[in-house]
Structures are given as C-alpha cells and as structure tokens.
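Some notes on the structure that comes next.
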2 protein chains.
Amino acid sequence: MLDKGVETLDPPRLSDQLCFAAYAAAHAFGKAYREVLDPLGLTYPQYLVLLVLWEDGEMAVKDIGRRLHLDTGTLTPLLKRMEAAGLVRRKRSLDDERQVRVSVTGKGRDLKKPVADACEHVACTLELPPAKVEALRASLIEIVHSLGRR
Amino acid sequence: MLDKGVETLDPPRLSDQLCFAAYAAAHAFGKAYREVLDPLGLTYPQYLVLLVLWEDGEMAVKDIGRRLHLDTGTLTPLLKRMEAAGLVRRKRSLDDERQVRVSVTGKGRDLKKPVADACEHVACTLELPPAKVEALRASLIEIVHSLGRR
DNA sequence: CACGATTAAATTGTCCGCAACATAATTTTG
DNA sequence: CAAAATTATGTTGCGGACAATTTAATCGTG
C-alpha cells in the first residue's frame with residue numbers, strides 16, 4: 001500500500017495553495033496599480049478610500065473600515081496622510097463627537113478622471129473575458145464571506 | 001441619449017473591482033491563517049518560507065524570493081527573525097560567498113505536522129468543492145502571470 | 001439622574017512589502 | 001589579467017496591516 005495512513009499528514013505544496021494564489025495575485029495587482037497610481041501621488045489603499053468616498057460621499061472612519069475591511073490602526077494614519085496631501089477633509093461630527101467624518105476635497109475630486117483612466121489601463125493589461133473576470137470576482141467574494149463567517 | 005461619451009470615464013465601483021476581491025481574499029486568508037499559525041509562533045509569510053524549504057531543502061535567499069515573489073528587503077529581516085526563533089539556519093555559501101544558504105533546523109522540521117493540521121483546518125472552514133478551488137487557483141495564477149508579463 | 005456598558009478614534013508595537021541605495025563577490029570583456 | 005558589468009545580499013525609509021490598549025463620547029438601565 002502506498003497509503004500513508006491518516007496519522008501522517010504532509011504540509012501542502014506551495015503551488016497547490018489557493019491562499020498563496022490569492023496572496024500572489026493581490027501583490028501582482030498592487031504592483032500594477034502602484035505603477036499607474038504613483039504618478040498621481042496615490043497608494044493602492046488610498047485609491048480604495050477615494051473609490052468609496054466617491055461612491056458614498058462623506059462618511060465616518062468606521063464606515064470606510066467596514067467597506068475596505070481595515071481597522072483604525074491602518075486608516076487613521078492613512079487618512080491623515082491623505083489630509084496632508086489635500087485630498088480629503090476630516091472633521092468631528094457635531095451630533096456624535098466620537099465620529100470623524102471624512103469627505104473628498106476639490107483636489108480629491110479632480111483625481112476622478114485620471115484615476116478612472118489608470119484603472120482602465122490595468123484592466124486592459126489583464127486580457128481576460130469580462131465574464132471570466134466577473135465569475136472570478138464573485139468566487140473570491142464568496143471566499144471572503146466564507147472565511148469571515150468562521 | 002444617456003451615453004456620456006468616451007471622454008468622460010467614471011471610476012469603477014469598489015464592488016466591481018477584481019483587484020479588490022483579490023485584496024480582500026488575501027486579507028481574509030491572512031486572518032484565518034493568523035489564528036492557527038499564531039499558536040505555533042509563525043506568521044503567514046514565515047509559513048510560506050517553511051513550505052518552500054520543506055519542498056526544496058536548503059536554498060539561497062534569492063530562490064526563496066523567486067518562489068514567493070518577495071525581495072530581500074522583506075526576506076532578510078524575516079529570515080533573521082526565523083533564525084532567532086531557531087527555525088532556520090543561514091550561512092554563506094562556500095563556493096559563492098554572495099549567497100546566503102537557508103535551511104530548516106530540527107525545530108523547524110518539528111512544525112511540519114502541526115502546520116499540516118493547521119492548513120487542513122483552514123481548508124475545511126472554506127467549504128468549496130475541490131474542483132472549484134483548483135479552477136480558482138489556476139485562474140489567479142494566470143492573472144499573476146498576465147500582470148507580470150506587462 | 002447616575003453608573004456601567006458600548007462605541008469611535010487614536011495610539012503603540014510588531015511585522016510585512018517594496019523602492020532606492022550600498023557593499024561585496026563574481027563574471028564578462030577588452 | 002584588469003576594468004566594467006552583473007549578481008546576491010544587506011540597509012534605510014516609508015507606507016500599510018493588525019492586535020492590544022487608551023481615551024472620550026454616547027447609550028441603557030435602574
């Protein structure tokens with residue numbers, strides 16, 4: 001018998017690991033976006049913050065964190081850098097002083113078109129049929145939920 | 001006409017972004033693995049290093065970087081921490097003194113079984129048919145290559 | 001109203017990730 | 001063989017990412 005039995009379990013091979021594929025893909029995307037975002041003075045997470053602010057308008061730090069799955073330890077300094085760069089405004093909410101409301105400035109709004117172009121550029125280097133991209137995206141989100149429910 | 005014309009291009013919505021799905025999935029995996037690896041004194045990247053060393057035996061820092069898509073700015077301090085923890089050995093190659101050869105110690109080898117169990121545990125919380133997991137993995141790797149060729 | 005529980009941000013400490021640069025060893029080439 | 005180019009690693013600096021803790025504001029219940 002070639003069976004090793006249930007008591008000896010080998011660690012998986014790197015190339016078989018779905019988690020590593022996701023890890024590598026995220027890094028590859030990060031690198032691709034860095035190239036097009038750097039000229040705009042943006043990092044990838046900062047770009048994500050702009051996306052949600054453009055979509056939903058002014059919102060609390062907490063809400064940005066909920067959308068991006070990031071906590072305040074990441075967001076507070078990141079938002080301060082974006083504020084220093086003149087891209088967003090941060091001000092305490094009047095009716096709940098625990099909250100800091102974040103909104104995009106004019107300068108931040110001006111990035112909308114150049115950023116949209118940059119995204120198009122990355123999407124093009126990735127020559128995959130839109131249907132496949134969408135299926136892949138949906139599967140990944142399903143995994144996020146599955147791991148989150150744990 | 002509702003057409004906005006080619007000159008105005010909106011930024012994509014966060015939820016449509018494949019890159020964000022990959023980013024979120026990688027973080028979700030990282031979080032899931034952190035829970036099972038932390039009791040073993042390992043971080044996720046350190047776990048990846050052990051995987052490649054278990055597979056290929058002693059190898060140079062450069063080769064680990066090639067497998068994991070990481071550069072020396074990340075690996076050198078990471079490997080020093082693993083050496084300090086007694087998990088790996090680092091020594092200059094005799095026939096090429098530019099290289100640092102990395103190998104697993106006995107203590108590192110002892111983690112093989114507990115780590116294999118930990119992986120099984122994460123794989124289980126992810127209740128997806130193996131065929132789907134494999135298809136997903138292959139697609140992600142394809143994307144990594146596609147973005148890398150750019 | 002008061003006091004304990006909850007919530008939102010901020011802070012601290014540790015680790016990853018990478019660009020840019022430095023150093024030393026090896027290889028290539030004139 | 002010597003100078004130039006290349007290669008492998010290390011270092012520095014900056015920006016995430018997150019656990020754990022702190023502080024201040026708000027809410028809930030008696």
Side-chain angles (χ1 to χ4, degrees), chain A residues 19-20 23-35 37-49 59-66 68-85 87-88 90-102 148, chain B residues 19-20 23-35 37-39 41-49 59-85 87-88 90-102 148:
Chain A
C19 61
F20 176 66
Y23 173 86
H27 286 326
F29 271 120
K31 192 168 182 174
Y33 273 94
R34 193 175 306 121
E35 287 188 11
L37 292 176
D38 191 58
L40 302 175
L42 287 175
T43 64
Y44 182 70
Q46 289 172 8
Y47 151 76
L48 294 180
V49 167
M59 58 202 303
V61 175
K62 185 82 196 308
D63 298 320
I64 299 176
R66 229 189 304 272
L68 304 183
H69 309 306
L70 295 175
D71 72 3
T72 67
T74 301
L75 286 174
T76 296
L78 184 154
L79 291 169
K80 284 183 176 175
R81 281 188 289 272
M82 290 181 77
E83 184 181 41
L87 300 174
V88 302
R90 295 161 67 246
K91 62 173 205 286
R92 289 276 162 191
S93 165
L94 292 179
D95 49 279
D96 184 343
E97 294 206 3
R98 291 171 305 180
Q99 291 186 24
V100 168
R101 311 287 301 181
V102 184
Chain B
C19 61
F20 176 66
Y23 173 85
H27 285 324
F29 271 121
K31 194 168 182 174
Y33 273 94
R34 192 174 307 121
E35 285 188 13
L37 292 176
D38 191 58
L42 287 175
T43 65
Y44 182 70
Q46 289 172 8
Y47 152 75
L48 294 180
V49 167
M59 59 201 303
V61 175
K62 185 81 197 305
D63 297 321
I64 299 176
R66 228 188 306 272
R67 292 291 299 276
L68 303 182
H69 309 306
L70 295 174
D71 73 3
T72 68
T74 301
L75 286 174
T76 296
L78 184 153
L79 291 170
K80 282 183 176 175
R81 282 187 291 269
M82 291 182 77
E83 184 181 41
L87 300 174
V88 301
R90 295 161 67 246
K91 62 174 206 284
R92 289 277 161 189
S93 164
L94 292 179
D95 49 280
D96 184 344
E97 294 205 1
R98 290 171 307 180
Q99 291 186 25
V100 168
R101 310 288 300 182
V102 184

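By convention in this document, chain letters (A, B, ...) are assigned in the order of the sequence lines, proteins followed by strands, and residues within each chain are numbered from 1.
- Annotation: side chain of B/Val102 is in contact with side chain of B/Val61 (closest heavy-atom distance under 4.5 Å).
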Would B/Asp63 and B/Arg67 satisfy side-chain contact (heavy atoms from CB on, under 4.5 Å), going step by step from the backbone distance to the final call? CA-CA 6 Å; B/Asp63 297 321; B/Arg67 292 291 299 276; 5.8 Å; no
Produce the list of close N/O pairs, under 3.5 Å, pairing protein atoms with atoms of nucleotides 10-15 of chain D; give distances to one decimal.
from: D/dG10; atom 1: OP1; to: B/Arg90; atom 2: NH2; distance (Å): 2.6
from: D/dG10; atom 1: OP2; to: B/Thr76; atom 2: OG1; distance (Å): 2.8
from: D/dG10; atom 1: N7; to: B/Thr72; atom 2: OG1; distance (Å): 3.1
from: D/dT11; atom 1: OP2; to: B/Lys80; atom 2: NZ; distance (Å): 2.9

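- Considering only residues two or more places apart in sequence or on other chains, A/Asp71 meets the salt bridge (Lys or Arg N to Asp or Glu O under 4.0 Å) condition with none of them.
- Side-chain contact between A/Leu42 and A/Leu87 is present, with at least one heavy-atom pair separated by less than 4.5 Å.
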Using atom names, set out every protein N or O paired with an N or O of nucleotides 24-27 of chain C below 3.5 Å, distance rounded to 0.1 Å.
from: C/dT26; atom 1: OP1; to: B/Glu97; atom 2: N; distance (Å): 3.2

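- Distances shorter than 4.0 Å separate some side-chain N or O of B/Arg34 from OP1 or OP2 on D/dA19.
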Could you write out each protein N or O paired with an N or O of nucleotides 21-23 of chain C at a distance under 3.5 Å?
none

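- OP1 or OP2 of D/dA17 lies within a sub-4.0 Å distance of a side-chain N or O belonging to B/Tyr23.
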Considering only nitrogen or oxygen atoms on both sides, find all protein atoms under 3.5 Å from nucleotides 1-3 of chain C and state each distance.
none

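- Relative orientation of the B/Tyr23 and B/His27 rings is perpendicular, given thresholds of 30° and 60° on the angle between their planes.
- If you measure from atom NZ of B/Lys91 to atom C1' of D/dT9, you get 17 Å, rounded to the nearest angstrom.
- In terms of heavy atoms, A/Ala24 sits closest to B/His69 at CB-CD2, 3.9 Å.
- One N or O on the side chain of B/Arg92 and one on the backbone of B/Glu97 form a donor-acceptor pair closer than 3.5 Å.
- Remark: A/His27 in residues 25-33 of chain A come within less than 4.0 Å of DNA chain C through at least one heavy atom.
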